[in-house]
Amino acid sequence: MNQTIEVDQAVSLAFEALRSVGMPEKEARITADALVMAERDELSSHGLSRLPFYLEQAKTGKVNAQACAQVDVRGAVVRVDARFGLAFAAVAAGLEQAIPLAKQHGIVALGIGHSHHFGVAGYHVEQAAREGLLALAFSNAPSAMAPWGGNRPLFGTNPIAFASPRNDEDPMVIDLSLSKVARGKVMIAKKAGQPIPDGWAIDTEGRPTTDPDAALAGSMIPAGDAKGAALAMMIELLTAGLTGSHFGFQASSFFDAQGEAPNVAHLMILIDAEFFGPGYVRHAEQLFQAMLAQDGVRLPGQRRYAARARHRSEITVPAALINELKDYIA
């Protein structure tokens with residue numbers, strides 16, 4: 001059974017639950033806002049359903065709930081140590097430094113190491129695009145995809161996001177996982193006791209499966225087959241490789257409270273297009289309008305903005321989840 005809750009109440013509930021496990025106020029607010037925004041954008045696999053996992057991991061110490069990210073700047077490189085806490089506040093701390101630096105230098109690389117689940121990758125690049133910057137984001141994750149031709153997961157589903165600013169319009173946001181679908185959707189199917197569509201995953205023997213349990217034990221299928229697997233490897237090197245964090249096959253699960261911290265990593269690249277020549281936004285708009293002139297075409301990101309508008313004041317989530325979160329602050 002689902003329950004409708006006001007957005008402000010949902011943020012408050014998430015905030016109080018995070019505070020109950022010792023997260024500082026600023027970090028708890030940033031995390032709660034990001035999770036509720038995922039719900040508003042109808043990306044529930046990365047929304048409040050993740051919160052009980054975070055809370056249980058904070059209770060066992062797998063997540064450092066009291067972590068305050070350490071930020072170091074060297075030229076046009078911003079390095080963030082998330083200190084084994086959640087990713088949202090660590091990314092925000094990095095962007096706080098990286099956005100003005102990108103406007104100063106034209107381009108900045110932001111690396112976040114010793115981190116956790118990245119949430120909705122598009123959420124982070126959208127913030128930079130609203131500041132007039134082009135933004136790329138990559139994250140690795142616990143292993144869920146085998147290298148092409150194999151059957152043992154080594155790479156995460158490793159999302160890629162990109163955002164481009166527009167004049168008087170919401171940024172264009174591309175957000176995709178390198179598996180054919182996000183692994184969180186398999187988790188939702190498992191919880192609901194439902195099969196997954198054919199073509200999402202293989203089992204431990206490399207056979208196609210529609211059983212979510214077999215899929216979670218086996219491997220997600222990469223988008224683009226061998227090409228997607230190669231891109232996933234690239235992201236492992238650009239994130240964990242650069243920051244000294246865990247590669248996907250070394251990282252513990254985001255979904256249980258046992259073991260050491262996942263210790264994954266993220267990389268963002270921010271670009272001020274005006275350093276490359278004037279008029280980028282106007283020029284890019286010609287491409288966007290040419291796309292929109294075709295029937296049935298929408299720009300990436302428009303679906304989530306439409307959902308966000310529908311859920312400006314209220315979201316609908318499972319009643320059991322609301323009760324579960326209330327139990328943490330009772």
Side-chain angles (χ1 to χ4, degrees), residues 35 38 42-58 60 62-63 86-87 115-121 139-160 175-226 228-229 231-233 235-236 239-240 245-265 317-318 320-321 324:
L35 294 176
E42 296 182 359
L43 301 170
S44 58
S45 63
H46 286 45
L48 292 173
S49 65
R50 296 274 180 156
L51 192 47
F53 298 108
Y54 298 159
L55 297 171
E56 287 303 306
Q57 289 173 37
T60 64
K62 185 173 179 176
V63 162
L86 294 178
S115 189
H116 202 280
H117 180 236
F118 199 42
V120 176
S139 181
N140 80 324
S143 58
M145 287 198 311
W148 190 247
N151 65 347
R152 183 166 63 89
L154 293 182
F155 311 140
T157 55
N158 295 3
I160 297 175
D175 186 346
L176 55 92
S177 166
L178 287 180
S179 58
K180 287 192 175 177
V181 297
R183 197 164 186 256
K185 291 186 177 181
V186 180
M187 295 292 297
I188 290 175
K190 173 182 167 69
K191 273 191 146 184
Q194 297 175 343
I196 60 172
D198 193 31
W200 280 16
I202 56 175
D203 65 17
T204 55
E205 301 299 320
R207 299 171 301 201
T209 183
T210 59
D211 181 347
D213 289 305
L216 292 169
S219 172
M220 302 299 293
I221 295 176
D225 299 330
L231 286 172
M233 182 180 71
I235 291 172
E236 294 284 349
T239 56
S245 304
H246 280 163
F247 293 117
F249 74 94
Q250 298 169 320
S252 62
S253 173
F254 290 153
F255 295 106
D256 64 48
Q258 287 71 50
E260 64 176 3
N263 189 17
V264 296
V317 296
L321 175 59
E324 186 177 2

What closest approach, in Å, do [X] and [Y] show between heavy atoms, and which atom pair accounts for it?
X: Ser49; Y: Ser45; value: OG-O, 3.9 Å
X: Ser179; Y: Thr157; value: OG-CG2, 3.4 Å
X: Ser252; Y: Ala261; value: OG-C, 3.5 Å
X: Asn263; Y: Ser245; value: O-CB, 3.1 Å
X: Ala215; Y: Ala201; value: CB-CB, 3.4 Å
X: Phe255; Y: Gln57; value: N-NE2, 4.0 Å

To the nearest 0.5 Å, tell me how far [X] [atom1] sits from [Y] [atom2].
X: Phe249; Y: Asn140; atom1: CZ; atom2: CG; value: 11.0 Å
X: Met233; Y: Leu154; atom1: CE; atom2: CG; value: 11.0 Å
X: Lys185; Y: Ser44; atom1: NZ; atom2: OG; value: 9.0 Å
X: Met220; Y: Ser177; atom1: CE; atom2: OG; value: 7.0 Å
X: Glu324; Y: Leu48; atom1: CD; atom2: CG; value: 11.0 Å
X: Leu216; Y: Asp203; atom1: CG; atom2: CG; value: 12.0 Å

Give the intermediate values and the outcome of side chain to side chain contact (heavy atoms under 4.5 Å, CB included) for residues Lys190 and Ile196.
CA-CA 9 Å; Lys190 173 182 167 69; Ile196 60 172; over 6 Å; no
Would you say [X] and [Y] make side-chain contact, with heavy atoms under 4.5 Å?
X: Ser253; Y: Pro142; answer: no
X: Ile221; Y: Pro208; answer: no
X: Val264; Y: Thr239; answer: no
X: Lys62; Y: Glu260; answer: no
X: Asp225; Y: Lys180; answer: yes
X: His46; Y: Phe118; answer: no
X: Thr209; Y: Ile202; answer: no
X: Leu51; Y: Leu35; answer: yes

Thr204 and Asn151: side chain to side chain contact (heavy atoms under 4.5 Å, CB included), yes or no, with the steps?
CA-CA 6 Å; Thr204 55; Asn151 65 347; 5.9 Å; no
Quick check against the 3.5 Å criterion: does Thr210 have a side-chain atom that pairs as donor or acceptor with the backbone of Asp198?
no
Would Glu236 and Asn158 count as having a side-chain donor-acceptor pair, cut-off 3.5 Å?
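Per modelled atom types, Glu236 and Asn158 side chains form a pair under 3.5 Å.
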Looking only at side-chain N and O atoms, does His116 offer a donor or acceptor that is under 3.5 Å from a partner on Tyr54?
no
